[in-house]
Structures are given as structure tokens and as C-alpha cells.
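Just below is one structure, and these are the notes that go with it.
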Protein chains: 2
Amino acid sequence: MKKPTIYDVAKAAGVSIATVSRVLNDDPAVKPQTRDSVLATITAIGYRPNLSARSTGSGRSRWVALLYQNPVIHYIHPIQQGAVERCRQDGHLLSVHACQHTGDALVDEVLGIVDQLQPRGLVLTLPLSISPALCEALRARDTPFVRIAPQGLDDPSARVYFDENTAAAAMTRQLLAAGHRRIGFLAGLPEGHPQPDERRAGHLRALAEAGIRPNAGLLACGSFHFEESIEPLRTMLGRRQRPTAVFCANDDMAAAALQVAAELGLRVPQDLSVAGFDDSYVARIVTPRLTTVRQPLHEMGWEAVDLILRGQAQPVMGQQRILPWQMVAGQSTADAPQDTR
Amino acid sequence: MKKPTIYDVAKAAGVSIATVSRVLNDDPAVKPQTRDSVLATITAIGYRPNLSARSTGSGRSRWVALLYQNPVIHYIHPIQQGAVERCRQDGHLLSVHACQHTGDALVDEVLGIVDQLQPRGLVLTLPLSISPALCEALRARDTPFVRIAPQGLDDPSARVYFDENTAAAAMTRQLLAAGHRRIGFLAGLPEGHPQPDERRAGHLRALAEAGIRPNAGLLACGSFHFEESIEPLRTMLGRRQRPTAVFCANDDMAAAALQVAAELGLRVPQDLSVAGFDDSYVARIVTPRLTTVRQPLHEMGWEAVDLILRGQAQPVMGQQRILPWQMVAGQSTADAPQDTR
DNA sequence: ATGAAAGCGCTAACAA
DNA sequence: TTGTTAGCGCTTTCAT
């Protein structure tokens with residue numbers, strides 16, 4: 001038998017298709033009795049409205065698009081999970097897009113998604129979320145979007161983030177309190193990146209508070225990726241005056257630090273403390289478990305979609321939501337070795 | 001200005017909307033000149049066809065749905081990535097669904113997705129892909145689907161998989177060749193699970209070939225999850241006659257073995273060899289890197305969508321694709337300690 | 001509170 | 001090779 005349509009429901013319930021449509025859309029104007037009767041026949045004949053038809057008919061879709069690029073899997077997946085869950089609450093669906101291009105081609109790619117899909121809104125994850133050109137283009141199209149991003153771009157678009165600067169400073173202060181004085185920092189963004197690096201800034205701020213001048217040999221960049229962090233860490237940890245602690249701007253890079261430490265015969269945390277950032281899955285499965293900062297990724301995905309579905313992600317007047325972070329104690333950090341104090 | 005429609009293109013190009021539609025759908029019946037002219041005006045006015053309208057108009061959508069449940073992130077993400085990429089090649093979009101229910105409710109949930117979205121096909125990942133009830137229901141609906149699953153279910157639906165049994169046997173043989181005789185095995189599926197556990201079967205087969213009887217104390221289950229593996233591993237590795245090697249049915253559980261080994265003061269691989277399975281991201285970022293078996297997850301996602309888009313995923317006559325696997329050498333395995341041989 | 005009917009943007013016979 | 005026109009399944013005025 002064919003899939004039932006709204007006509008089948010109407011006929012079976014003895015009402016017009018308009019009434020069925022009203023029930024489907026929770027129109028308060030329908031009499032409770034009618035509603036119940038329609039609802040009953042809907043389940044009875046197993047009717048389920050066709051999404052595409054609803055979209056074309058109403059001019060607005062029930063899609064939310066999640067965009068990412070070159071993803072660090074532990075970053076993107078929890079966000080996606082939170083987004084899917086929030087979508088479901090409102091009967092929306094999530095469409096995921098792995099963007100490939102950069103620059104103008106990226107803008108074009110994203111606008112293509114917008115025009116074809118006509119989603120209720122877009123969730124932009126890093127690094128897409130800090131692209132001024134992209135945000136500009138979406139604003140010009142008047143498309144709702146939420147940026148999951150720490151930096152401001154000083155614009156009125158909706159944003160979900162947490163205070164990375166303060167969180168990073170807290171971690172560095174904790175290492176300082178444990179007696180560490182030579183603390184290496186492995187940044188995610190390369191120095192001179194157009195966007196400010198809040199994690200790095202927080203770290204440096206805490207150092208400055210303690211009266212410690214940054215040492216160029218103790219700063220490196222791993223681009224947030226495990227593999228790319230190996231070499232910079234070999235260099236940093238191989239120095240004669242090596243740091244007694246390394247603070248990595250995400251957990252994947254901290255995992256790399258554990259590997260390099262083992263390679264160099266350094267025990268963690270006795271000889272070297274390693275701190276991560278994000279409290280991703282990685283932090284829990286490496287040995288020793290990482291001391292890190294919990295970034296609420298799942299909630300961020302949830303909140304981002306929430307903003308969209310509540311209509312609070314208008315590009316010219318977007319709301320901002322700031323979420324809490326939290327220190328997570330692992331076994332990868334300890335007091336600095338006595339002789340280095 | 002409003003988003004241009006097919007009418008705007010037709011008017012600007014001086015043709016009918018039917019012709020524009022034909023160009024959009026690569027109808028070979030259009031004269032090359034006309035096609036070019038239409039294409040030119042399409043880019044000129046920045047027209048992009050509305051997906052929903054195309055779906056309602058044609059009765060078939062341009063969606064592929066990826067279903068998962070309680071996902072092991074490193075398993076699901078590469079599959080999703082491969083699926084997204086294959087979708088894009090044919091102008092399709094991927095919709096992801098985190099299923100929540102089980103039993104009848106699950107079937108209902110999935111049929112809801114099918115009816116609403118009307119996707120070209122579904123990609124079912126583990127553990128959904130081994131649910132007879134679900135496959136049965138989809139077959140009844142005549143919905144194309146591809147199962148990413150090792151087991152046969154002895155049915156005619158499309159499937160993408162690799163030979164887990166042989167791969168697992170190869171890993172065990174390799175451990176045997178290194179002199180190990182007491183080899184622990186941490187299974188993903190609990191004993192007595194309705195579906196056959198190919199990895200476990202392969203391991204036992206290799207043991208039998210070597211004339212070794214399975215030892216109940218050396219078999220445990222971690223349900224493919226890191227956390228759930230900790231306790232069973234503590235028990236297994238804490239025995240007086242502990243194994244000299246553990247083979248875990250996925251990398252996440254092998255990471256747990258590394259943690260438990262450290263906890264018990266066992267050096268890996270000197271005191272204990274640890275082998276994983278999947279060659280997921282986890283295998284590369286733990287210390288030491290895992291010896292494991294490469295499961296081509298990305299390709300599996302790609303192939304699954306390929307089957308759908310080529311129309312080779314009909315539930316009553318689905319094609320099967322078997323992909324190659326490969327041993328991956330890490331630093332987590334070594335020869336058995338001399339005194340145990 | 002409900003129904004009739006005109007869209008929504010596109011596809012697909014059927015003609016020409 | 002192209003245009004005309006009737007759908008697709010739903011939403012949404014506008015009446016009643």
C-alpha cells in the first residue's frame with residue numbers, strides 16, 4: 001500500500017485537509033475534540049507528514065545545518081550530539097556538512113547550502129566560526145547562524161562560548177601553585193594568527209601575574225592536532241633547560257606530549273607535568289589521565305541550536321550565551337621536581 | 001531582493017521553466033546551446049534550486065540518512081566522514097540521526113525518519129545494523145538500506161564489511177608467533193549475544209589451531225567501551241597467572257588495558273603486550289601506539305552511500321562489498337617474556 | 001472552529 | 001528540442 005497522505009487522514013477523520021494541517025502545526029484554533037479525533041486517525045493509519053512538502057508549502061524548512069571543516073573529532077562530535085538532541089526536541093533534523101574550500105570558494109559553498117537547504121539556521125564551528133568573510137556573507141543573506149567561538153569579531157551575531165582566557169589562566173596558575181616555573185605552552189593557533197588566541201593570552205596573563213617573563217623557547221604551536229604537535233614538542237622538551245610542565249591548548253596535543261615524554265624517557269607527572277584543555281574523550285583514555293579544563297561541548301551544540309530554534313540567532317541581533325567551565329583533575333600533573341624550584 | 005526561482009531563470013534566459021528544469025537534471029535532450037545559455041544565466045543571477053521543492057516535485061529526495069546509536073565516537077565519525085564525501089559527489093546531503101530507543105520503539109523511530117525524510121537510503125551502523133527487527137521493517141517498507149556489519153543475518157540486504165574473523169585470527173597468530181601462550185581476550189559483545197562475535201571467533205580459532213584451549217579466566221567483555229573495560233581488565237590482569245598479552249576487540253578497550261597495566265605496574269610491552277582492533281584515532285594517540293588491525297571505516301561509509309546512490313541497496317536484492325583489512329604495527333606488543341615461554 | 005482553494009518551487013507527462 | 005500544464009503533499013489566506 002502507498003504511504004498515506006494528508007488526504008487519507010482527512011477522509012478517514014471526516015474533516016478537511018486544512019484541519020489536519022492545523023493539528024499538525026499545533027494551531028490552537030482547533031476544537032479539542034476534533035484534534036483528538038484527528039490525532040487518533042493519524043496514529044491509526046500511521047500517517048507521517050512529508051518533510052519536503054511541509055517545507056515547500058510553508059516556505060521554511062525544518063533543518064538545521066552543522067558546518068565544520070578539518071575537524072578535530074573530539075571537538076566536533078560532542079557538539080553534533082548536542083545539536084542533534086536539541087533538534088529532535090522540536091521535530092527538526094540536522095544536516096552535517098564537511099566544508100572543503102577556503103576563502104571565496106568557502107563562502108560560495110556555504111551559500112549553496114543555505115540556498116538549497118534553506119535551513120532554519122547554521123551552526124558554525126571552529127575554524128569556520130572565526131571567518132569574518134563567511135559571517136559577513138551570511139549576514140548579507142540575512143540567514144540566522146550561531147558561532148561556536150571564543151572570539152568576538154566585535155559583531156552582533158549569535159554566539160556560544162566560554163571564557164577560554166580565564167580558564168587557561170586558571171590552569172597556568174594551578175601549575176604555578178604546584179611550584180612550576182618553566183612552563184611550556186603549546187598553542188593551537190600559530191603566532192600572528194588574525195584571530196586572537198584566548199588560551200595563549202590567558203596563559204601569558206597568569207605568567208605575568210606571577211612575574212614570569214615568557215620564554216620563546218617554551219612557546220610552540222601544534223595547530224590543535226596530535227601529529228603536528230610531535231615535532232614542536234620534541235624540540236621544546238629536548239632542550240637542556242626543559243620545562244617542568246607543558247600546558248597544551250587541547251587534549252589531543254597533550255596526548256602528543258605524553259608520547260614525546262615517553263620517547264625522551266621522562267616520567268609523567270614525576271619529571272614532567274602535562275596539562276590539557278577541553279576534557280575531551282582523549283583526556284580520559286590516555287595514561288595517565290589528563291589534568292584538563294572541561295569545555296562543555298555537548299551543551300554548546302545544544303545551546304547553539306536552541307538559539308536558532310528560538311529565533312534568537314538573527315544575524316543583526318543575535319544573542320550570546322556564555323557557558324561555565326571547570327577544572328578537571330587528572331594524574332598528569334604534580335608538584336614540580338624539588339631541584340627545579 | 002528575494003531568492004531567485006526557476007521562473008526568474010526561465011524569464012532571464014528566454015526559455016520555459018521546463019527547459020531550466022531539464023538543464024538542472026542533466027536531461028540530454030536539451031540542445032547544447034540552450035543548456036549553455038541557461039547555465040550562464042543561472043550563475044549570472046545566482047540561482048540555486050530549492051531542495052525541498054525538488055523533492056516534493058519529483059517524489060524522491062536527495063537525502064541519505066546515517067543512523068547510529070550510543071556511538072563509539074571513533075567508529076562513527078570516520079564512517080560519517082566517508083558518507084558525507086560520497087554524498088557530495090552526487091549532490092546529495094547527509095542527515096544524521098542519533099537513535100535513542102530500542103525494540104519496537106526503535107523501529108518506530110526509524111520508520112518515522114523514513115516516512116518524513118524519504119531518504120534515498122539509510123546507512124545502518126553497529127549496533128543498529130544487526131537488528132533483525134529493524135532490517136525486517138525496512139524491507140517491509142521497501143526502503144533501501146545498507147548495513148555496515150560483519151554478520152550476515154543470512155539475508156539479501158546490502159552490506160559493507162570486512163573479514164573480522166580472519167583479521168582477528170591473524171592478530172592472535174601474530175601474538176602466538178611472538179611466543180605468547182597465555183593470551184587474554186576482551187570481547188565487545190557479551191557471551192551469548194544473539195549475534196555471532198566474529199572477532200572472538202577468529203581469536204579462538206587461531207588459539208585452537210595452535211593447540212591452545214581457551215581459558216575462561218582469560219576471556220572477558222568490555223562492550224567496546226573504555227570505561228566498561230576497566231573492571232574486567234583489572235580482574236583479568238590481576239590474576240596470579242596473568243596473561244602475557246591481551247587482545248582487545250577495539251582500540252578503546254586496548255587503551256583501557258594500557259591504563260590498567262600502568263595501575264598494576266606492568267610495563268607495556270615488556271611485561272604485557274596489548275593489541276587493539278580498528279586502527280582508530282585512539283590507536284595512534286595513546287602511549288605506546290597500539291598494534292592493531294586497520295578497519296577501513298572511512299571507506300565503509302563511502303561505499304555504503306555509493307551502494308545507495310547506485311541503486312544497489314534494494315532490500316530484496318542488495319549488493320555486498322567486502323573491504324580489505326591490514327595489520328598495523330605499533331609499540332604495544334613484543335615478544336613474550338622469556339620465563340613464560 | 002472549519003472548509004475551499006490558491007499557492008510553494010519544482011518535476012514530468014504530453015503535446016507540439 | 002521545447003513549451004504547456006497538471007501534479008507533488010503540504011500550508012495558508014479568505015470565507016463561512
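Chain A is the first sequence line, chain B the second, and so forth, proteins listed ahead of strands; every chain is numbered from 1. Basis for what follows: all heavy atoms, side chains included, without hydrogens, waters or symmetry-related copies. Bear in mind the structure is a predicted one, so any value in this text is a computation, not a measurement.
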SB check K3(B) D8(B) (cutoff 4.0 Å): no

By the 4.0 Å heavy-atom rule, please label V15(A) as base, sugar-phosphate, or nothing. sugar-phosphate

Close residues, residues 40-50 of chain B, relative to DNA chain D [heavy-atom separation under 4.0 Å]: none

Determine whether any donor atom in the side chain of T56(B) lies under 3.5 Å from an acceptor atom in the base of dG9(C), or the reverse, and answer yes or no. yes

Salt-bridge contact E136(B)-R141(B) (side-chain N to carboxylate O under 4.0 Å): no

Looking only at side-chain atoms of T19(A), point me to the closest of dG3(C), dT2(D), dT11(C). dG3(C)

Verify the distance criterion only: is there a donor paired with an acceptor across the side chains of R48(B) and Q116(A) at less than 3.5 Å? no

Taking the six-membered ring for Trp and the single ring otherwise, decide whether the centroids of Y281(A) and H77(A) are under 6.0 Å apart. no

Examine dC10(C): is either OP1 or OP2 under 4.0 Å from a nitrogen or oxygen in the side chain of S58(B)? Give yes or no. no

Length of the CD-C1' vector between Q116(A) and dG9(C), whole Å: 14 Å

How many Å lie between CZ on R54(B) and P on dT11(C), as a whole number? 5 Å

Round to the nearest Å and state the distance from D115(B) atom CG to dG9(D) atom P. 13 Å

Comparing I17(A) and D27(A) on DNA chain C - which has the more 5′ nearest nucleotide: D27(A)

Of Q80(A), E85(A), Q81(A), the one forming a side-chain hydrogen bond (donor to acceptor under 3.5 Å, both in side chains) with H298(A) is E85(A)

From NZ of K11(B) over to P of dG3(D), roughly how many Å is that when rounded to an integer? 15 Å

Which of the following nucleotides, dG9(C), dG9(D), dG3(C), is nearest to the side chain of R22(A)? dG3(C)

If you only use heavy atoms from C-beta on, which nucleotide in dT11(C), dT12(D), dC10(D) is closest to the side chain of T5(A)? dC10(D)

Taken to the nearest whole Å, CZ/R60(B) to P/dT11(C) is 9 Å

Across the strands shown, which category fits T34(A) at heavy-atom distances under 4.0 angstrom: base, sugar-phosphate, nothing? sugar-phosphate

If each of P32(B) and G57(B) is mapped to the nucleotide of DNA chain D with the nearest heavy atom, which maps nearer the 5' terminus, i.e. the 5' end? P32(B)

Regarding R35(A), tell me which of base, sugar-phosphate or nothing describes its non-hydrogen contacts under 4.0 Å with the strands shown. nothing

Whole-Å distance between dC8(C) P and R62(A) CZ? 19 Å

Heavy-atom closest pair, residues Y47(B) and T5(B): CE1-C, 3.5 Å

Given that Y7(A) and K31(B) both sit by DNA chain D, which one's nearest nucleotide is further toward the 5' end? K31(B)

Are R22(B) and D26(B) close enough for a salt bridge, meaning some N to O gap below 4.0 Å? no

Whether the R147(A) and S157(A) side chains hold a donor-acceptor pair (N or O, under 3.5 Å, no angle test) is what I'd like checked. yes

Check every atom of dT4(D), dT2(D), dT11(C) against the side chain of A18(B) and return the nucleotide holding the closest atom. dT4(D)

